[in-house]
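The analysis underlying the following values was restricted to heavy atoms, covering all of them including side chains, and did not include hydrogens, waters or symmetry mates.
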Amino acid sequence: MKEQYLHLASPADTDEEAVVRLKEIIGILRKECPWDKKQNHETLRSCMIEEAYEAVEAINKNDYDNLEEELGDIMLQVVFHSNLGEEEGKFCLKSVVNRECDKMIRRHPYVFLKESSNNEVKSIDNVLEKWENIKAREKSSNTYSDRLKDVPFAFPALTRAFKVQKKAADIGFDWDNVSDAVDKVKEETAELIEAYNLVGNNLSSITEELGDLLFSVVNVARFLKVDPEEALGITTDKFIKRFSYIENQGLACGKRMEDMTLDEMDKLWDEAKELGKNER
């Protein structure tokens, strides 16, 4: 290592020193690394998303060694963006952290403020309600429609739909029961089929009806207290597992998938499905 950077070679002893070490490393890279020099908030957007999802994947797998690494990658993104903000004279790491600290204190008055009492919140639901109310005041969300609009468009579509529906349901705009929500799925399915069968197959109409169907399915998930992102993720993994079974069984018989008939693949799919049931 270059002599001027030797002090960065050893792990830090405290949380504070560790953050300082990372901040200094990012500062050096911004000056000396061709790739890091060219980055800005926009070019780093995909990195932020990818690192967050990789951390979630580690949590799902209970892989704490990998989680430690992925959290470090997320922290790298936070420090990098803060460094960019400081270069632009807009914000810095200190202001980012202080702003978050202030927000946590402000949104937990029953914990931090003398005039408040823990008696104000007797359950998790009370805490969440208070959080949303304070958040709405901070964002000047004067109407319930504003609260729906505050759900970021950048969220995964299923998650955004779920959160928008939940906020609408909180003020009583909701189905009476899950049966009504299921009936809506049937209705939207029929409308999608109708749009598809129309002469010309208008893509705009089909897209709209498909969106309505997905939105109604999310409603059913919400009633059943199922995370739609998680449910779809499980099904996608299941599809990959069954698909792999078809390919492996075909290769064992000397056949590549592209040389198999659909009937042959369907038969192996059913075998994989039965094996899955037996493994439960």
Side-chain angles (χ1 to χ4, degrees), residues 41-42 44-63 66-67 70-71 73-78 81 96 100 103-104 107 123-141 143-175 177-178 180-189 191-192 206-241:
H41 295 297
E42 288 72 29
L44 291 173
R45 278 181 302 195
S46 61
C47 297
M48 179 74 82
I49 293 170
E50 288 169 12
E51 302 302 356
Y53 276 119
E54 287 174 4
V56 171
E57 180 76 358
I59 292 171
N60 290 342
K61 293 181 176 179
N62 291 318
D63 186 344
N66 185 229
L67 178 58
E70 298 304 340
L71 289 175
D73 289 341
I74 291 174
M75 184 169 286
L76 170 67
Q77 292 299 312
V78 172
H81 281 280
V96 168
E100 188 64 22
K103 181 164 66 177
M104 289 301 100
R107 293 190 184 175
S123 71
I124 291 177
D125 287 340
N126 293 144
V127 170
L128 295 177
E129 181 182 3
K130 198 165 189 65
W131 173 281
E132 287 296 333
N133 289 336
I134 295 172
K135 183 177 179 181
R137 288 199 299 271
E138 290 174 358
K139 291 182 175 291
S140 298
S141 301
T143 68
Y144 288 111
S145 295
D146 287 336
R147 296 192 183 192
L148 303 191
K149 293 172 185 175
D150 284 340
V151 179
F153 187 83
F155 276 4
L158 292 178
T159 299
R160 182 169 178 248
F162 190 94
K163 288 182 175 291
V164 166
Q165 291 174 6
K166 175 67 168 60
K167 287 179 181 292
D170 285 344
I171 54 97
F173 190 78
D174 203 3
W175 300 107
N177 53 60
V178 70
D180 292 336
V182 171
D183 287 341
K184 187 63 175 175
V185 171
K186 296 175 183 176
E187 176 188 324
E188 297 298 350
T189 301
E191 291 181 5
L192 173 61
I206 292 173
T207 300
E208 181 178 349
E209 295 301 342
L210 182 57
D212 290 344
L213 174 58
L214 291 171
F215 194 83
S216 62
V217 170
V218 171
N219 243 329
V220 173
R222 183 175 55 82
F223 263 97
L224 297 176
K225 301 190 184 321
V226 172
D227 183 333
E229 287 283 344
E230 181 180 351
L232 184 56
I234 291 171
T235 295
T236 302
D237 286 341
K238 183 169 60 178
F239 176 88
I240 294 172
K241 186 175 181 180

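A distance of 12.5 Å separates CG in L76 from CG in L71, rounded to the nearest 0.5 Å. Considering CD of Q77 and CG of L44, their distance stands at 5.5 Å, rounded to 0.5 Å. Expressed to the nearest 0.5 Å, how far CD1 of I74 lies from SG of C47 amounts to 12.5 Å. Atoms CZ and CG, from F215 and L158 in turn, are 11.0 Å apart once rounded to the nearest 0.5 Å. One distance of note links CG of D63 with CG of L67; it measures 8.0 Å at 0.5 Å rounding.
Among residues two or more places apart in sequence or in another chain, the side chain to side chain contact (heavy atoms under 4.5 Å, CB included) test is passed with V182 by V178, K186, V220. With sequence neighbours left out, the salt bridge (Lys or Arg N to Asp or Glu O under 4.0 Å) criterion links K149 to no other residue. Remark: E70 engages E51, E54, A55, N66, D73 in a side chain to side chain contact (heavy atoms under 4.5 Å, CB included) (not counting sequence neighbours). Residues passing the side chain to side chain contact (heavy atoms under 4.5 Å, CB included) test with E50, sequence neighbours excluded: S46. In terms of the side chain to side chain contact (heavy atoms under 4.5 Å, CB included) criterion, residue partners of I134 (sequence neighbours excluded) are, by chain and number, R107, P109, K130, R137, E138. E42 is linked by a salt bridge (Lys or Arg N to Asp or Glu O under 4.0 Å) to nothing, counting only residues two or more places apart in sequence or in another chain. Scored by the salt bridge (Lys or Arg N to Asp or Glu O under 4.0 Å) test, D180 finds no partners at all (sequence neighbours excluded). Every residue meeting the salt bridge (Lys or Arg N to Asp or Glu O under 4.0 Å) condition with E187, not counting sequence neighbours, appears here in chain and number order: K184.
For M104, the CE atom sits in a packed shell: over 12 heavy atoms of surrounding residues, nucleotides or ligands are nearer than 6.0 Å.
Residue pairs meeting the side chain to side chain donor-acceptor pair (under 3.5 Å) criterion with at least one partner in residues 206-217, sequence neighbours excluded, do not occur; the list is empty. The salt bridge (charged side-chain N to carboxylate O under 4.0 Å, His left out) contacts involving residues 152-175 comprise E132-K167, K166-D170, D174-R222, where partners must be two or more places apart or lie in separate chains.
Judged by distance alone, the side chain of T189 and the main-chain N or O of V185 form a donor-acceptor pair under 3.5 Å.
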Give every donor-acceptor pair under 3.5 Å between a side-chain atom in residues 227-235 and any protein atom, sequence neighbours left out.
unit_1: D227; atom_1: OD1; unit_2: E229; atom_2: N; d: 2.9
unit_1: D227; atom_1: OD1; unit_2: E230; atom_2: N; d: 3.4
unit_1: T235; atom_1: OG1; unit_2: A231; atom_2: O; d: 3.3

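The two atoms that bring N219 and W175 nearest to each other are ND2-NE1, 3.6 Å, heavy atoms only. Scanning all heavy atoms of the two residues, the minimum distance from Y144 to I171 falls at CE2-CG2, 3.0 Å. Smallest separation of non-hydrogen atoms from A181 and F223: CB-CD1, 4.0 Å.
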